Asks: 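Here it is: the structure, laid out below.
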Amino acid sequence: MTHRIIAALPQKATGYPVFAYDTETQGLDATQVLIICWENVNTGEQYTAFSVSEFREFLEERAPCIAFAHNGSSFDVLGILSERELYESEKVAAGTKVFEYKVNGVMYRDSKHLIPLPLSKVAKSVDMEKGITPQEYIDGTVTEITQDAIDYCLLDVRILSAALRRLKELYADLIHRNVNEIELPYTTASMAYRIYCIPGSWPDHWVWRDKRKNWRPIARCRDEFNELYRQAQHGGRVQVLGPVAEEVHNVVSYDANSLYPSVMYEEKFPDPTALCKVGPTFEALRHLLDKEDSVVMADLVMVAPNGVPRFLPATDDDGRKDWNRSTFEGWLCEPEIKLALGVGWVIEEVRDIVSARAIRPFRVFVRKLYNIRKDMLERGDPAQYLVKILMNSLYGRWGIRQRPRRIEGDKAIEKATKRKDYTSRYELRFYDGTGFSWPYLLDYGDMGRNPSSQWFGFSSFILSYARERLARAIISVGDGALYCDTDSIHMYAEYAEEFEKNTPIGNELGEWKLETPVPIATSKFWEPKSYVQWNEEGNKTLVKHKGVRVRDDDGNYLPEAGDLTQEQTHRVVVSLYEGLRRGLRPGTPLTIKKRSSRFFKETS
């Protein structure tokens with residue numbers, strides 16, 4: 001089979017009205033809507049309603065139209081549409097991540113898929129400042145709707161509306177189109193990919209002549225190669241490197257500036273139009289590693305003798321990443337093979353080799369966006385935030401995984417059951433298990449068609465280069481390294497001087513920047529994505545703990561925050577699919593108790 005990478009064109013303008021809206025609710029309950037404010041993104045006209053029916057009537061009278069809310073798929077829309085409407089709606093989705101619900105001609109979208117920032121930072125990108133949420137709306141104790149609360153809600157939609165306009169203007173400029181000729185896509189990554197696909201960024205030789213003798217911007221290779229590169233794709237490195245769950249003192253941290261765009265700009269990548277397998281010998285691999293005009297990956301077994309740094313993306317017996325393993329077995333890309341050999345790893349077996357012509361396909365894209373952002377910074381244009389997001393979003397498009405499409409809703413399922421290939425194409429499942437109330441179909445009919453931007457050759461090498469940069473940084477610190485996360489490293493302050501001697505320091509692309517000019521008095525690293533910092537007075541200054549609540553409603557750290565020996569809480573709003581699975585109403589608040597399987601201690 002043939003794998004294709006196809007350039008994507010900007011979506012043409014539909015002429016649909018676009019609105020930005022926000023809801024204010026009784027506490028963290030999306031279904032208890034008290035105020036709805038919205039703004040016409042194109043005209044700036046603002047509206048306020050105090051009932052969902054009035055808001056929906058307004059939109060549906062103007063359908064087809066698009067309505068954006070920030071974090072809307074996780075909150076606002078759950079109070080606008082009923083559980084049944086959400087389930088039955090036409091959706092644009094990837095698995096359970098929904099980009100659009102379409103009901104009665106209104107397309108409800110989440111602007112956070114386009115601008116993945118808190119609304120407070122979205123405000124800064126358009127030189128505005130978000131207001132402070134009235135406390136009674138946080139506590140759920142609203143007894144009277146005041147003009148101040150309405151003004152607060154109107155300010156939020158004004159911020160979102162301004163950000164959507166500015167983003168569309170930037171996007172239009174980057175693809176050399178008039179802003180009135182295009183529509184925004186669903187996600188930032190999709191926008192970045194369309195920017196990449198314009199002439200100048202898209203490789204000139206990535207063309208294919210179709211049956212009608214027309215040249216099209218398409219790159220092709222055998223599907224087998226794309227699958228092999230998929231097997232070489234490993235995620236970012238997150239690891240506690242020093243003492244676990246112990247206090248350490250005098251700590252500093254460094255971050256790499258835009259790590260993924262920097263390696264995309266500087267390094268070489270496999271060209272899908274010029275690939276081949278090579279006889280798997282040690283000599284062939286070493287020869288290919290020395291070539292400047294090609295890049296290589298290999299299925300191999302490597303071993304680290306005693307005293308050699310361990311950093312390769314090995315897996316343990318349960319399939320979890322184990323960065324401390326002395327043996328790596330599987331597909332690995334050139335950057336990490338070279339580094340491993342350079343620090344003393346030994347190749348025990350070479351089982352397969354893939355060589356590709358080396359290209360530098362991202363130089364125009366990254367340099368263009370980087371220069372634009374740099375110029376905006378110099379001019380004090382806060383919209384540089386938006387350009388940075390676009391620059392950092394492209395890499396994810398290459399590694400999009402294929403998933404069977406979900407078919408939901410009684411009418412859609414009934415239509416599918418009438419197909420002749422129903423039994424071979426679809427799999428019937430239920431969100432609520434044996435409750436049999438919320439069925440859905442998995443459609444395997446399109447599984448042979450990969451996403452048009454998918455090329456694991458790029459995604460696997462981008463991630464490999466990034467891990468190689470991080471590994472070099474960690475190795476330069478030696479015993480001083482305490483913790484790392486993808487593009488950052490924490491270390492004892494006394495090792496900083498040696499680190500800076502061996503590592504490029506500065507504010508430019510790919511350089512490392514000191515994030516803690518004043519060393520952190522005390523830190524404790526529990527596990528990946530979980531650590532805490534204190535100042536000299538013993539007060540918490542930072543708590544990182546993925547998936548749990550660390551602050552109270554006043555913004556103060558909770559007593560148990562950063563202490564994994566204690567029970568933690570996670571306060572969420574029930575999503576559509578969580579509600580269907582558990583018999584809960586989507587949009588309602590839910591508090592979950594969490595205990596660390598490794599550190600939690602029962603107390604009487």
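Along the sequence shown, the residues carry numbers beginning at 1. Being a predicted model, the structure only gives us computed values, none of them experimental.
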Asks: Kindly assign one of parallel, tilted or perpendicular to the pair Phe55 and Tyr21, based on the angle between their ring planes and the thresholds 30° and 60°.
Replies: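 Rings of Phe55 and Tyr21: tilted, 30 to 60°.
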
Asks: For the pair Asp421 and Arg419, find out whether any cationic side-chain nitrogen is under 4.0 Å from an anionic carboxylate oxygen.
Replies: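 So Asp421 pairs with Arg419 through a salt bridge.
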
Asks: Give me the atom names and distance for the closest heavy-atom approach of Ser326 to Arg310.
Replies: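 Closest approach of Ser326 to Arg310: CB-CZ, 3.5 Å.
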
Asks: Between the side chains of Arg230 and Ser459, does any donor sit under 3.5 Å from an acceptor?
Replies: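 Per modelled atom types, Arg230 and Ser459 side chains form no pair under 3.5 Å.
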
Asks: Do Arg209 and Val207 have side chains that approach each other closer than 4.5 Å (heavy atoms only, starting at C-beta)?
Replies: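 No - every pair of side-chain heavy atoms lies 4.5 Å or more apart.
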
Asks: Could you tell me whether a side-chain N or O of Lys338 sits under 3.5 Å from a main-chain N or O of Leu289, the two making a donor and an acceptor?
Replies: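 Such a contact is found between Lys338 side chain and Leu289 backbone.
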
Asks: Provide the closest heavy-atom pair for Asp443 versus Tyr426 in the form atom of the first, atom of the second, distance.
Replies: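 For Asp443 versus Tyr426, the nearest heavy atoms are CG-CE2, 3.5 Å.
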
Asks: Counting heavy atoms not belonging to Arg403, are there more than 12 under 6.0 Å from its CZ?
Replies: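 Counting neighbours around CZ of Arg403, 12 or fewer heavy atoms of other residues, nucleotides or ligands fall under 6.0 Å, so no.
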
Asks: Give, for atom NZ of Lys546 and atom CG of Asp485, the distance between the pair rounded to the nearest 0.5 Å.
Replies: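 The NZ atom of Lys546 sits 9.0 Å away from the CG atom of Asp485.
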
Asks: Between Leu580 and Tyr440, is there a side-chain heavy-atom distance shorter than 4.5 Å?
Replies: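 Contact flag for Tyr440/Leu580 side chains = no.
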
Asks: Would you check, one step at a time, whether the test side chain to side chain contact (heavy atoms under 4.5 Å, CB included) holds for Val98 with Leu576?
Replies: CA-CA 10 Å; Val98 181; Leu576 169 62; 5.6 Å; no

Asks: Using side-chain heavy atoms (C-beta onward) and a distance below 4.5 Å, is Val41 in contact with Lys168?
Replies: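 SC-SC contact between Val41 and Lys168 ruled out.
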
Asks: Is Ile115 close to Phe68 at the side-chain level, that is, under 4.5 Å between some pair of heavy atoms?
Replies: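 They are not in side-chain contact.
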
Asks: Which distance, rounded to the nearest 0.5 Å, do you find between the OG of Ser262 and the CZ of Arg469?
Replies: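 These two atoms lie 4.5 Å from each other.
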
Asks: Among side-chain atoms of Tyr577 and Arg406, is any donor-acceptor pair under 3.5 angstrom?
Replies: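 Their side chains do not contain a donor-acceptor pair, so the 3.5 Å distance test is not met.
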
Asks: Got a donor-acceptor contact below 3.5 angstrom from the Asn392 side chain to the Lys388 backbone?
Replies: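 At least one qualifying donor-acceptor pair exists.
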
Asks: Measure from the side-chain N and O atoms of Glu348 to the backbone N and O of Val303, and report whether any donor-acceptor pair falls under 3.5 Å.
Replies: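 Side chain of Glu348 to backbone of Val303: no pair is present.
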
Asks: Could you verify whether a donor N or O on one side chain and an acceptor N or O on the other, from Asn324 and Gln239, lie under 3.5 Å apart?
Replies: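 Asn324 vs Gln239: donor-acceptor pair found between side chains.
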
Asks: Using only atom types and a distance under 3.5 Å, with no angle test, would you say the side chain of Arg581 pairs donor to acceptor with the backbone of Gly433?
Replies: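 Side chain of Arg581 to backbone of Gly433: no pair is present.
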
Asks: About how many Å separate CE of Met297 and CD1 of Ile337, when rounded to the nearest 0.5 Å?
Replies: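 Between Ile337 CD1 and Met297 CE, I get 9.5 Å after rounding to 0.5 Å.
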
Asks: Hey, does the Lys NZ or Arg CZ of Arg62 hover above the aromatic six-ring of Phe58, less than 6.0 Å from the centre and inside 45° of the axis?
Replies: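 That pair qualifies as a cation-pi contact.
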
Asks: Just wondering, do Val350 and Thr281 contact through their side chains at under 4.5 Å, heavy atoms?
Replies: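 No. Closest side-chain heavy atoms not under 4.5 Å.
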
Asks: Do Glu334 and Glu267 have side chains that get closer than 4.5 Å, going by heavy atoms?
Replies: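 Glu334 does not reach Glu267 side chain to side chain.
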
Asks: Asp76 side chain to Thr23 main-chain N or O, any donor-acceptor pair under 3.5 Å?
Replies: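 Side chain of Asp76 to backbone of Thr23, a donor-acceptor pair under 3.5 Å: yes, one is there.
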
Asks: If only atom types and distance count, is the side chain of Glu88 paired as donor or acceptor with the main-chain N or O of Asp410 below 3.5 Å?
Replies: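 Indeed, once roles are kept as given, a pair shorter than 3.5 Å links the two residues.
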
Asks: Quick check on Lys544: does its NZ atom have over 12 non-hydrogen neighbours (other residues, nucleotides or ligands) under 6.0 Å away?
Replies: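 No, because the 6.0 Å sphere around NZ of Lys544 holds 12 heavy atoms or fewer from other groups.
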
Asks: Is the shortest side-chain N to carboxylate O distance from Lys277 to Asp352 below 4.0 Å?
Replies: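 Looking at Asp352 together with Lys277, the answer is yes, because their closest N to O distance falls below 4.0 Å.
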
Asks: Which of these passes ring-ring contact (aromatic ring centres under 6.0 Å, His included) with Phe362: Tyr265, Phe461, Phe458, Tyr260?
Replies: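 Considering Tyr265, Phe461, Phe458, Tyr260, a ring-ring contact (aromatic ring centres under 6.0 Å, His included) with Phe362 is found only for Phe458.
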
Asks: Output the distance between atom CG (Leu390) and atom CZ (Arg194), rounded to the nearest 0.5 Å.
Replies: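 It comes to 12.5 Å.
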
Asks: Can you name the closest pair of heavy atoms from Leu275 and Val354 and give their distance?
Replies: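 Heavy-atom minimum between the residues: CD2-CG1, 4.3 Å.
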
Asks: Hey, is the main chain of Ser452 close enough, under 3.5 Å, to the side chain of Arg4 for a donor-acceptor pair?
Replies: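 Flag not set: sc Arg4 to bb Ser452 has no pair under 3.5 Å.
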
Asks: List the steps and the verdict of side chain to side chain contact (heavy atoms under 4.5 Å, CB included) for Trp206 and Asp271.
Replies: CA-CA 9 Å; Trp206 279 17; Asp271 186 346; 3.2 Å; yes

Asks: When you look at Arg109 and Leu114, which way does the side chain to side chain contact (heavy atoms under 4.5 Å, CB included) test go after all the steps?
Replies: CA-CA 10 Å; Arg109 296 184 185 177; Leu114 283 170; over 6 Å; no

Asks: Are the ring centres of Phe456 and Trp331 closer than 6.0 Å?
Replies: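 No - the distance between ring centres of Phe456 and Trp331 does not fall below the 6.0 Å cut-off.
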
Asks: Would you check, one step at a time, whether the test salt bridge (charged side-chain N to carboxylate O under 4.0 Å, His left out) holds for Glu336 with Arg467?
Replies: CA-CA 8 Å; Glu336 287 167 297; Arg467 289 192 304 271; 2.7 Å; yes

Asks: Could you tell me the separation between the CG atom of Leu312 and the CE atom of Met302, rounded to the nearest 0.5 Å?
Replies: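 Between atom CG of Leu312 and atom CE of Met302 there are 6.5 Å.
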
Asks: Show the nearest heavy-atom pair for residues Leu386 and Ala163, with the distance to one decimal.
Replies: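 Minimum heavy-atom contact is CD1-O, 4.4 Å.
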
Asks: Can you list the steps and then say if Trp398 with Tyr196 is a ring pair (Phe, Tyr, Trp, His ring centres under 6.0 Å)?
Replies: CA-CA 12 Å; Trp398 307 108; Tyr196 177 79; 5.4 Å; yes

Asks: Near Asp204 CG, under 6.0 Å, is it more than 12 heavy atoms from other residues, nucleotides or ligands?
Replies: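 No, the 6.0 Å shell around CG holds no more than 12 heavy atoms from other groups.
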
Asks: Give the intermediate values and the outcome of side chain to side chain contact (heavy atoms under 4.5 Å, CB included) for residues Val92 and Met107.
Replies: CA-CA 10 Å; Val92 177; Met107 290 156 273; over 6 Å; no

Asks: For a quick test of reading the model, state the closest non-hydrogen atom pair linking Pro185 to Tyr171 and the distance between them.
Replies: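 Closest heavy-atom pair between Pro185 and Tyr171: CD-CE2, 3.8 Å.
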
Asks: Please give me the minimum heavy-atom distance between Arg177 and Pro10, naming the atom from each residue.
Replies: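 Nearest heavy atoms, Arg177 then Pro10: NH2-CD, 4.0 Å.
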
Asks: Indicate yes or no: does Glu224 engage Arg222 in a salt bridge with an N to O separation below 4.0 Å.
Replies: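 Between Arg222 and Glu224 there is a salt bridge, with a charged N closer than 4.0 Å to a carboxylate O.
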
Asks: Taking NZ, NE, NH1 and NH2 as the nitrogens, is one of them in Lys91 or Glu408 under 4.0 Å from a carboxylate oxygen of the other?
Replies: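 A salt bridge links Lys91 with Glu408.
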
Asks: Verify the ring-centre separation between Phe436 and Phe430: is it less than 6.0 angstrom?
Replies: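 Yes, close enough.
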
Asks: Is it the case that the side chain of Asp110 and the backbone of Gly72 share a donor-acceptor pair, with hydrogens and angles ignored and the cut-off at 3.5 Å?
Replies: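 Answer holds: yes.
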
Asks: Is a side-chain N or O of His234 found less than 3.5 angstrom from the main chain of Lys321, in a donor-acceptor match?
Replies: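 No.
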
Asks: Has Asp317 got more than 12 heavy atoms of other residues, nucleotides or ligands less than 6.0 Å from its CG?
Replies: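 It does not: Asp317 CG has 12 such atoms or fewer within range.
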
Asks: So does Ile389 get a backbone contact from the side chain of Ser393, meaning a donor-acceptor N/O pair under 3.5 Å?
Replies: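 Looks like yes, one N/O pair under 3.5 Å.
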
Asks: Can you list the steps and then say if Thr273 with Arg357 is a side chain to side chain donor-acceptor pair (under 3.5 Å)?
Replies: CA-CA 8 Å; Thr273 67; Arg357 178 170 58 200; 3.1 Å; yes

Asks: Do Phe75 and Lys112 have side chains that approach each other closer than 4.5 Å (heavy atoms only, starting at C-beta)?
Replies: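 Side chain of Phe75 against side chain of Lys112, heavy atoms only: no contact under 4.5 Å found.
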
Asks: Using a strict cut-off of less than 4.0 Å between a Lys/Arg side-chain nitrogen and an Asp/Glu carboxylate oxygen, indicate whether Lys102 and Glu100 qualify as a salt bridge.
Replies: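 No.
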
Asks: Roughly how far apart are Thr14 OG1 and Glu183 CD, rounded to 0.5 Å?
Replies: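 One finds 3.5 Å between OG1 of Thr14 and CD of Glu183.
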
Asks: Is there a side-chain contact between Glu181 and Ile175 (heavy atoms, below 4.5 Å)?
Replies: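 Result no, sub-4.5 Å side-chain heavy-atom pair not found.
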
